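Structure, as structure tokens:
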Amino acid sequence: MVEEQRETGKAGSLVFSVNGQRLEVSSRLDPSTTLLEFLRTRTSLKSVKLGCGEGGCGACIVLLSKYDPVLDQVEDFTISSCLTLLCSVNGCSVTTSEGLGNSKDGFHPIHQRFSGFHASQCGFCTPGMCVSLFGALVKAEKNDQRDPSPGFSKLTVVEAEKAISGNLCRCTGYRPIADACKSFAADVDIEDLGLNSFWKKEESHETKMSRLPLYDHNHEICTFPEFLKREIKSSLLLDSERYSWYKPATVEELQSLLKSIDADCKTRMKLVVGNTGMGYYKELEHHDRYIDLGCVLELSSIRRDEEGIEIGAAVTISKTIEALKEENNSEFNSESKIVFKRIALHMEKIASEFVRNTGSVGGNLVMAQRKHFPSDIATILLAAGAFVHILSGTLHEKLTLDEFLERPPLDSKSVLLNIKIPNYAASKNISSEMDSKLLFETYRAAPRPLGNALPYLNAAFLSEVSCLKSSGSAVLNKCRVVFGAYGTKHAIRAKEVEKFLSGKILTIGVLYEAVKLVKATVVPEDGTPSPAYRSSLAAGYLFDFLYPLIDINSKISGVWSDEYSNTSLFKDAKIKRKYSQLDHVQLPTLLSSSEQVLELNNNHHPVGQPTKKVGSALQASGEAVFVDDIPSPTNCLHGAFIHSMKPYARVKDIRFKSKLLPDGVSGLISVRDIPKGGENRGCTTRFGTESLFADELTQYAGERLAFVSTNRLSQVADTQKHADIASNLVEVDYDIENLEPPILTVEEAIKRSSLLEVPLLLYPKQVGDTSKGLAEADHKILFAKLKLGSQYHFYMETQTALALPDENNCMVVYSSTQCPEYAHVTIAKCLGIPEHNVRVITRRVGGGFGGKAMKAIPVATACALAAHKFRRPVRTYLNRKTDMIMAGGRHPMEITYNVGFKSNGKVTALQLDILINAGISLDISPMMPKNILSGLKKYDWGALSFDIKVCKTNHSSKTAMRGPGEVQGSYIAETVIEHVASTLSMDVDSVRNINFHRYDSLKLFYDVASGDSAEYTLTSIWNKLAESSSFKQRVEIIKEFNRCKVWKKRGISRVPVVHPVLVRPTPGKVSILSDGSVVVEVGGIEWGQGLWTKVKQMAAFALSSIKCDGVENLLDKVRVIQADTLSLTQGGMTAGSTTSESSCESVRLCCEVLVERLAPLKETLQGQMGSVTWDALICKAYVGSLNLSASSRYIPDFTSMHYLNYGAAVSEVEVNLLTGETTILRSDIIYDCGQSLNPAVDLGQIEGAFVQGIGFFMLEEYTTNSDGLVVADSTWTYKIPTIDTIPKQFNVEIHNSGHHQKRVLSSKASGEPPLLLAASVHCAARAAIRDARRQLHSWGCMDESYSTFNLEVPATMPKVKELCGLDNVERYLGWKMGIK
């Protein structure tokens, strides 16, 4: 029971506030209930989204405020509400995005700026972004800095960007989000901010300032209400027995609690602080009691004395960072302060700020000790010589951190009390020949520079170094060498390495032997991914730490800081930078700059204007309603899928582990529950169908076996969670006797002739005579091989649906789908009812990218089937793991190619054999051969032949994903070009140039899609990009950089794209209401691509042709409404980048009809009145019963159905040869949008697609186990781009090409083609690696074939490092010593 706005409640009740409103939970509740579950199920607030349930995406962030009545201070910090337990917020205040502002009370400047900077596309992640930024603003206001200029905050640009570094967005590419955040920074140059709806670029600084929504830091929201302060002052204690939640205040109280629980062996107890460990371990077992350690004085305090800093185990990581950074610690010497700051800066790379704000240092260490969590904190504190204090019953133990980690796992009754980091002082005056200093450094290699990613390895080194005054040589008096997270149970001290180094004069020879010893010591356990890479990292980090100390006197002296000014050891500038200043380990810089160039089209106003996305402010405030935001109807059940763990087996039985149904479970839905007359159909495509559930045989790991439904209305909890728990209580019996082994590779599929049929009409045509072309070639590359993996869509909103049984055997289904019509047909077929008994409604989709096309249909169908059986509403919202297992993803493939070419690089023939892994069923796979060739034909290959086989395997069906086939084909083309260039030792850009299409070859390869010669803009784009990006000059600069730098190499690459698209028939409907407002329906679905925005602009433009007064304001009168399959039929699918333009054209046709109907009346009224307003015209039309509703179906003719999109990109990267990390320094894009319908929307599509492509080419590994079951199934194991992995400089120009008569108002698509341009990043990385390998060759470590290699996709850090040399450190040192 939740009671609101009462200041006196039941004694001991759970009381807190949300957005200033008092909430009291007076009934019993499950203590495992999270704040997110409560907010989403027991309040009307919907801004707090469930994106992962792991603290890994930021969609669920809220601001938590705590009041200290003693100090009369409020502490504000962001938290991940999906991990925060509800009982822990007793007496606290919660602020969500709705609490910042909303449509009723007015939007907050954060919402307004996110909207105005076009920083919200699908909008699912936007409320979390807004709260993250708000948290940073609140935190900054408490700084002692001087007040900023009006309209700005105390935030710096770096802090503003960092504020959302832990938030994921799959749509925007982050650049506009960064601009929205930076607009609040005190030090921002407003001229650097990107495209927005507030001002025009050419306007004055003062005008721009006046139009930016005002932020007044002096009148910000009160985050902690006064009534709650009064209640806290009068004591606000939680009834421990009622809530099974205990908050001891002292160690003695804790001991008493543990003792009482120990006496009751049946009681299951859990110790918690921030509960952030649940994000990783996802414990499902029930606990009877929770003990919150956050208020135990001894565990929550930080103490300082001359011996060091003692940090209570319950102190959060964020507070620990603050304590270690404090400057006014007079107890500590300068060396200790540097050690403490190094530790703090490393901790800032752990997790995200909203996790660090609640996660405790002690909890992290206990997870490392008890569960072997790959902890950074354990590694850096072990190197720092930390001690721990443990309480076991009544026994107090003080141990070194080494001893703590080595001992058997702590039992649940043992408690870590505190951690002591000692004060340091190096030995003084060891002899007259030496002086000494302490050096401390930490390292981590992870997919994301700013953290929120587990490391491949972390390391920390503490060393006392002396300098021989006579020779200037460095002596290591003693050292601690620590490595962790590399595939071992816990962090370890490399004691053999320490022993070897101690007391030695540091020479290249000594370092060479130490590096070899490290590699022998750091050996990951069996089964650890990339073991050789991790060992190589360890060697590289030790080298990085020690090499600057070799031959100190030969280095150039520099000016030192006061800390080291008296020490000859530290007179070298390079060593000073590395060991004394904190710059060496500061957090990486983020997006440094960007530029957007576009030309507005005013011919069809408001079409062509960069108007804000429809509903973007609502999305920011969290008021935009997604499917899972629809309130659960009375008596609603929640469902969860049970999927197969086997790739090919008989399903003998599916049952719950206990004989009785778990509490609240209504039952299992399986193939046996499909009604008479219905079909086992889960999906309908133009090529065939797919089963809803396995029937007798499961054919792939991840296949749907059953659907469990639960109802726990008595619980104050999200019943979806209980459905997920129930699904884990199900057992499946499999039998594989007498079954053939599964087909899990394309090679096995070919061997067993397991192929899917491709209709002849869809199979692409060969071009020219490849035999002749190969015969004419001066050179040939034969049987070269290439593999491309899969990619997960990672839409922020997982698959979801809500089914409502209606009267007369009808079914209403709310589905987050790109294809409501296909879902409609499938549900009707499954239930065996007429299609007019089914209604599918889709308002908006929280990201799709192809993944909400076919794969959303079985989710909606399962809900409908369960609702049909139980005659009750049924909903589901897939957890991220299940979604990732069932999603299918992008098509993997294997390619073999033969290519012939002239000595000048001109290709004469290309021959391809491609094996596509389609999975178990058709889905959209028959389209793949044509799509692959569409992307591949961007170069003139002379002649082109291919044999493409679509292989049926025992994997989940692969499906459409942004640029399906085209992205692979385009990349194959680049790989061939690069291979030709390396074989000829030619510059790859010149090879690209010589193989560019002329118009005649373009027409030969692309036929009717090539259009007129004037439409072929790629050559002009290519040349323009070379100039605008200073491509040739930068090539020379990079050559010089690579010549001078040993351990960093840069590469640059320019890549074109030619992308055909297909315009599909699309329906539309426009109705004018009596007050002159306009309602529009279209077949296209809004999922963030701005379809509604463009449609709204088109309706306003087309209706304005009536030319009466007031039509200039029509844009504000138009509303686009949700898709409803019974209201607007034949909606088709939203896919292929062209649904926006076809929807616009269908609306334009409707408006033409309406204008034609209104025109005679308008002429009559003008004759009578002289002028007529829009509102008066519509009023008269209603009086005259004029039909003001029109429907149409746009069907493009053959000549306008196909066309080509053009673009090009230049990317520059820097590769760290010690770690394999690739940093994207700059990307420049020019993309031809024709006459853009909305440049702001198209810009967002270009940037978002490009960054999603970066994920495919550089980061995202969608891996499976040996049975084909997806194991990259969480935010921990699957890494999409974040703000710290996008280009540091990101420039985009929208090229407005000439008039295209056959296009919709001369516009062109922008959704998918730009993704292909991200291959420029991969190719640039290849160029940098080539220079690294050239360097290895110069060291005598590699033969002449160094320039020919295959860089896999994605080019992750281990793969890049392997090509740069896993032993490059040893090779370098050996070369320096003259060892071959």
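This is a predicted model, so every value here is computed, not measured. Just so you know, residue 1 is the first one in the sequence shown, and it goes up from there.
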Kindly indicate whether the side chain of S81, heavy atoms from C-beta on, has any atom under 4.5 Å from the side chain of I61. no
Determine, for F184 and R113, whether the Lys NZ or Arg CZ falls below 6.0 Å from the six-membered ring centre while staying within 45 degrees of the axis. yes
Do you know which two heavy atoms are closest between A620 and S97, and how far apart they sit? O-OG, 2.6 Å
Taking NZ, NE, NH1 and NH2 as the nitrogens, is one of them in E206 or R211 under 4.0 Å from a carboxylate oxygen of the other? no
Is the F117-F198 ring centre distance short of 6.0 angstrom? yes
Output, in order, the C-alpha distance, side-chain angles, deciding distance and verdict of salt bridge (Lys or Arg N to Asp or Glu O under 4.0 Å) for E335 and K437. CA-CA 8 Å; E335 291 175 327; K437 277 293 170 184; 3.8 Å; yes
Any heavy-atom pair between the side chains of H118 and T172 that's under 4.5 Å? no
Looking only at heavy atoms, which two atoms of P447 and L454 are closest? And how far apart? CD-O, 3.7 Å
State, to 0.1 Å, how close S360 and G363 come at their nearest heavy-atom pair, and which atoms those are. OG-N, 2.9 Å
Determine whether L381 and I421 satisfy the following criterion, side-chain contact (heavy atoms from CB on, under 4.5 Å), listing intermediate values before the conclusion. CA-CA 7 Å; L381 293 187; I421 309 174; 3.6 Å; yes
For the side chain of D292 and the backbone of K247, is there at least one donor-acceptor N/O pair under 3.5 Å apart? no
Go through F354 and F77 one step at a time and tell me if the ring-ring contact (aromatic ring centres under 6.0 Å, His included) criterion holds. CA-CA 7 Å; F354 50 82; F77 50 92; over 10 Å; no
Kindly determine whether K182 and E159 satisfy salt bridge (Lys or Arg N to Asp or Glu O under 4.0 Å), including the steps that lead there. CA-CA 9 Å; K182 289 191 292 186; E159 289 170 340; over 6 Å; no
Pair R22 + E231: basic N to acidic O under 4.0 Å: yes
Should K420 and D305 count as side-chain neighbours, where that means a heavy-atom distance under 4.5 Å? yes
Can you check whether D68's main-chain N or O pairs, donor with acceptor, with Q73's side chain at less than 3.5 Å? no
Mind running side-chain contact (heavy atoms from CB on, under 4.5 Å) on N333 and S336 for me, showing each step along the way? CA-CA 5 Å; N333 58 46; S336 288; 3.2 Å; yes
So does K229 pair up with E226, basic N to acidic O under 4.0 Å? yes
Just checking, is any N or O donor in the side chain of S621 or E98 under 3.5 Å from an acceptor N or O on the other one? no
Enclosure of K154 NZ (heavy-atom neighbours >12, cutoff 6.0 Å): yes
Do V62 and L35 come within less than 4.5 Å of each other through their side chains, counting heavy atoms only? yes
Does any N or O in the side chain of N19 come within less than 3.5 Å of the main-chain N or O of T96, such that one atom is a donor and the other an acceptor? yes
Given F224, F227, F16, the one that forms ring pair (Phe, Tyr, Trp, His ring centres under 6.0 Å) with Y67: F224
Answer yes or no: are there more than 12 heavy-atom neighbours, outside K66 itself, under 6.0 Å from its atom NZ? no
M367 backbone acceptor or donor facing N364 side chain under 3.5 Å: no
Would you say the ring centroid of F340 lies under 6.0 angstrom from that of F332? yes
Could you go through the ring-ring contact (aromatic ring centres under 6.0 Å, His included) check for Y443 and F461 one step at a time? CA-CA 9 Å; Y443 299 86; F461 310 126; 5.7 Å; yes
Heavy-atom count around E191 CD within 6.0 Å, excluding the residue itself: above 12? yes
Indicate yes or no: does R342 engage E441 in a salt bridge with an N to O separation below 4.0 Å. yes
Any side-chain donor-acceptor pair under 3.5 Å between T223 and T95? no
Under a 4.0 Å N-O cut-off, is there an ion pair linking D76 with K142? yes
Do L439 and L462 make a side-chain contact, defined as non-hydrogen atoms from C-beta onward lying under 4.5 Å apart? no
Can a salt bridge be assigned to the pair K349 and D1284 using a cut-off of 4.0 Å between side-chain N and carboxylate O? no
Just by distance, do the side chain of S301 and the backbone of E298 share a donor-acceptor pair under 3.5 Å? no
Check: I190 and L193 side chains under 4.5 Å, non-hydrogen atoms: yes
Less than 4.5 Å apart, side chain to side chain, heavy atoms only: is that true for F114 and S616? no
Residue among L14, V18, V94, V89 satisfying side chain to side chain contact (heavy atoms under 4.5 Å, CB included) with L23: V18
Would the distance check show the side chain of T1285 and the main-chain N or O of R448 forming a donor-acceptor pair, the cut-off being under 3.5 Å? no
Any donor-acceptor N/O pair, S204 side chain to T207 backbone, under 3.5 Å: yes
Counting N and O atoms only, with roles assigned by atom type, does the side chain of Y174 sit under 3.5 Å from a partner on the main chain of P1281, one being a donor and the other an acceptor? yes
Would you call R304-E326 a salt bridge at under 4.0 Å N-O? yes
Got a salt bridge between K201 and E595, using NZ or NE/NH1/NH2 to carboxylate O under 4.0 Å? yes
Is it true that a side-chain atom of S115 and a backbone atom of Q112 form a donor plus acceptor pair closer than 3.5 Å? no
Going through the checks in order, is the side-chain contact (heavy atoms from CB on, under 4.5 Å) test met by L228 and V15? CA-CA 9 Å; L228 198 54; V15 176; 4.2 Å; yes
Is the closest side-chain heavy-atom distance between D179 and S594 below 4.5 Å? yes
For D187, is there any backbone N or O sitting under 3.5 Å from a side-chain donor or acceptor partner on D189? no
List the atom of S47, the atom of P127, and the distance in Å for their closest heavy-atom pair. O-CB, 3.4 Å
If you draw a 6.0 Å radius around NZ in K319, do more than 12 non-hydrogen atoms from other residues or ligands fall strictly inside? no
Testing the basics here: between L401 and V388, what is the closest heavy-atom pair and its distance to 0.1 Å? CD1-CG1, 3.9 Å
Considering all heavy atoms, the nearest N452-G55 contact: OD1-O, 4.4 Å
Please step through side-chain contact (heavy atoms from CB on, under 4.5 Å) for the pair H346 and R444, ending with a clear verdict. CA-CA 8 Å; H346 189 109; R444 84 189 305 262; 3.8 Å; yes
